[in-house]
Amino acid sequence: MSTRSTAPAPAPAAAPARAGSPALTSLTPVFVRLKLSLLRNGLRQSSGRTAVYVTSLVFTLFFAALVLLGLVALRGNDHAAALVTPLITIVALGWAAMPLFFPSGDETLDPTRLAMLPLRPRPLITALLVTSMIGIGPVFTLAVAVGSVIALAHGAAATAVGVLAVLLAGLVCVALARAVATANVRLLTSRRGRDLAVLSGLFIAIGAQGVNLGVQKLTGPDGLGVLEPVATVVRWIPPASALDAVDAASRGSYGRAAAGLALTVLALVLLLWWWQRTLTTLMTAPDSSTLQAVEKDTARRSSSERGLLRLLPSGRTGTVMLRSLRYAWRDPKTKMSWAAALGVGLLLPIVTAVQGNGSLYTACWAAGLLGMQMYNQFGQDTSAFWMVAQTISTPRDAYVELRARALTIALLAVPYVSLVVVGAAVALHQWSEFPEAYGIALALLGALVCTGALSSALAPYSIPSEGNKNVAPGQAGIASLSILGGMLTGALLTAPVLALTIWLHVADAHGLLWLVLPVGAAYGLTVAYAGLRLAAPKAANRLPEILAAVSKG
């Protein structure tokens, strides 16, 4: 395929094209050798990378063996199909999501590296599809598919269908991953794609909680029977439909078995068609990285930011708030910190509610995690803090700077905490506890803003711009003291509101518990203001030390 035109070059008259042309028959072996060479050369780069790969391979094979044995043990179980079909669907979803969150895990996922080669779409897709079957992921998928077939197949017909089901399930998963990666390759190779990869940890954490809840349901009295309603729907979705065809053939429902295989084949054909179309467009059409497109994107972003600035306070306060919002949206580590706080703060009340032992007070996690964003404010600027330091010459300047950063956190945290507390009250039907839980959450948020401002001025530390480390070498002790000490102090500052709540309960004055809400809100605002006032002169006086501390990374 060419980058300018897909039309093939005319063949010389003395060398007419033959059905078995080497250009077509040798492409797949070449790509297989290329994949193996990339893998081998990548492992040669460092012993650490080799150790990580070997360790992951061992753990994956061990886990795959356990899954295989577990599925084999289900042979003869009446609810085996209820587990198998959702399991292969989860595996397929993992294949679809993996290129989005880990785009750099496989160099061959970027087809633009082949744009200058005269390759046709169909041979290229065949070669890429075959090479994609080499790796740890296909081995695990194969173990799941084989174990599922062993658990479901009874009889010669079902075994024959199972062989086709294993092949189709593997091809659908790989084709799905390749099609998704090709359709989003521009995103994955951009800054936003790297930001998406940084957020993968949050999605993994949420997925782990979902798996945990699912396992708890399976260990209940109903066992695998709780999956029957899900399996009834999922069995018609490829590649689960191929494994359901094995179960149908075992039961003598050959019509349903044929329909299941046909659905999987249709899905594979559609994925290959989508993959070929996006691949052709990607390798023949220009991307958006032209000067005109950049100018339009810059104008659009400038217009939107000017609109946002009109909604913010005037002067330095609005400018600092806009800069903080830009960091939260553009800087990968800042974005990850905010995303984790928002996600986990919402996830914990949901998990406890689903488990049946939920409490409205778990909504305070949202306030606590968002309040922690106030810590190490100057270190979050990394080496760019020297530009901010040039604008701070008096305690008043430092106060305005810190106040604007605190207002940015409040701009996002107060509505979000309100939403989480209201949602938890609705889900748990605990409206009687709403005023006290909401008041304590607001008081905790204000207390952490107070201690975060003080900690930023007294114990700043550097955050490396590159890599996965959040603390520069040699500053781990400072970071621990800053965060842990600030959290303990913040908890102590919230004690008066907690004491008021406890006293009203002990005194049986439940009719006055609504006072905790206004008291907590006023108290949180007061301690936050006091913390900013105390931190401002310290930050102004310690500006050289702060600048030296945050610039070490």
Side-chain angles (χ1 to χ4, degrees), residues 32 35-36 39 52-77 79-99 101-102 105-106 108-109 129-154 158-178 180 204 207-208 210-212 214-215 218 224 227 230-231 234-235 237-250 260-261 264 267-268 271:
V32 170
K35 178 67 175 286
L36 295 176
L39 179 61
V52 169
Y53 181 82
V54 173
T55 303
S56 61
L57 178 62
V58 171
F59 274 101
T60 301
L61 292 177
F62 177 72
F63 186 61
L66 291 180
V67 172
L68 178 61
L69 292 176
L71 291 173
V72 171
L74 288 177
R75 183 174 176 83
N77 190 298
H79 301 292
L83 175 65
V84 164
T85 48
L87 179 60
I88 195 64
T89 303
I90 293 174
V91 172
L93 289 175
W95 274 94
M98 197 65 67
F101 295 137
F102 302 99
D106 186 354
T108 63
L109 284 175
L129 188 64
V130 173
T131 55
S132 297
M133 301 299 293
I134 302 173
I136 300 177
V139 171
F140 178 78
T141 306
L142 180 64
V144 173
V146 171
S148 301
V149 169
I150 295 176
L152 298 178
H154 299 280
T159 302
V161 173
V163 174
L164 293 176
V166 170
L167 179 62
L168 289 174
L171 291 176
V172 166
C173 289
V174 172
L176 178 61
R178 282 290 184 175
V180 170
I204 292 174
V211 172
N212 180 38
V215 171
L218 292 179
L224 297 178
L227 296 176
V230 177
V234 171
R235 70 184 185 184
I237 302 175
S241 58
L243 295 181
D244 180 72
V246 181
D247 181 61
S250 298
L261 291 176
T264 308
L268 179 60
L271 285 173

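For the pair Ser132 and Pro138, the tightest heavy-atom approach, listed with the atom from each and the gap, is O-CG, 3.2 Å. Residues Val144 and Leu71 come closest through the heavy atom pair O-CD1, 3.5 Å. Listed here is the closest heavy atom pair of His154 and Ser250: N-OG, 3.0 Å. Here the closest heavy-atom approach between residue Ala240 and residue Thr89 is recorded as CB-OG1, 3.5 Å. Pairing each heavy atom of Ile88 with each of Pro239, the nearest pair is CG1-CG, 4.1 Å.
With rounding to the nearest 0.5 Å, the separation of OG1 in Thr85 from CG in Leu152 is 8.5 Å. Here the CD1-OG1 distance, from Ile136 to Thr60, works out to 5.0 Å after rounding to the nearest 0.5 Å. Distance check: Ile150 CD1 to Leu69 CG gives 9.5 Å after rounding to the nearest 0.5 Å. The line from CG of Leu93 to CD1 of Ile237 is 9.0 Å long, rounded to the nearest 0.5 Å.
Judged as a side chain to side chain donor-acceptor pair (under 3.5 Å), and not counting sequence neighbours, the contacts of Thr141 are Trp95. Residues satisfying the salt bridge (charged side-chain N to carboxylate O under 4.0 Å, His left out) criterion with Asp244, sequence neighbours excluded, are Arg256. Phe63 meets the ring pair (Phe, Tyr, Trp, His ring centres under 6.0 Å) test with Phe140; sequence neighbours excluded.
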Please tabulate, one pair per line, all N/O donor-acceptor pairs under 3.5 Å involving side-chain atoms of residues 159-176, not counting sequence neighbours.
residue, atom, partner, partner atom, Å
Thr159, OG1, Gly155, O, 2.8

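The backbone N or O of Ala153 lies less than 3.5 Å from a partner atom in the side chain of Arg75, making a donor-acceptor pair. Of the possible polar contacts, one joining the Lys35 side chain to the Ile134 backbone as a donor-acceptor pair under 3.5 Å is found. A donor-acceptor pair under 3.5 Å is absent between the side-chain atoms of Ser241 and the main chain of Arg235, judged by distance alone.
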Query raised in the report: Taking it one step at a time, do Met133 and Val139 satisfy side-chain contact (heavy atoms from CB on, under 4.5 Å)?
Result: CA-CA 8 Å; Met133 301 299 293; Val139 171; over 6 Å; no

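Residue pairs meeting the side-chain hydrogen bond (donor to acceptor under 3.5 Å, both in side chains) criterion with at least one partner in residues 63-73, sequence neighbours excluded, do not occur; the list is empty. Pairs of residues two or more places apart, or lying in two chains, never qualify as side-chain hydrogen bond (donor to acceptor under 3.5 Å, both in side chains) while including a residue from residues 142-153.
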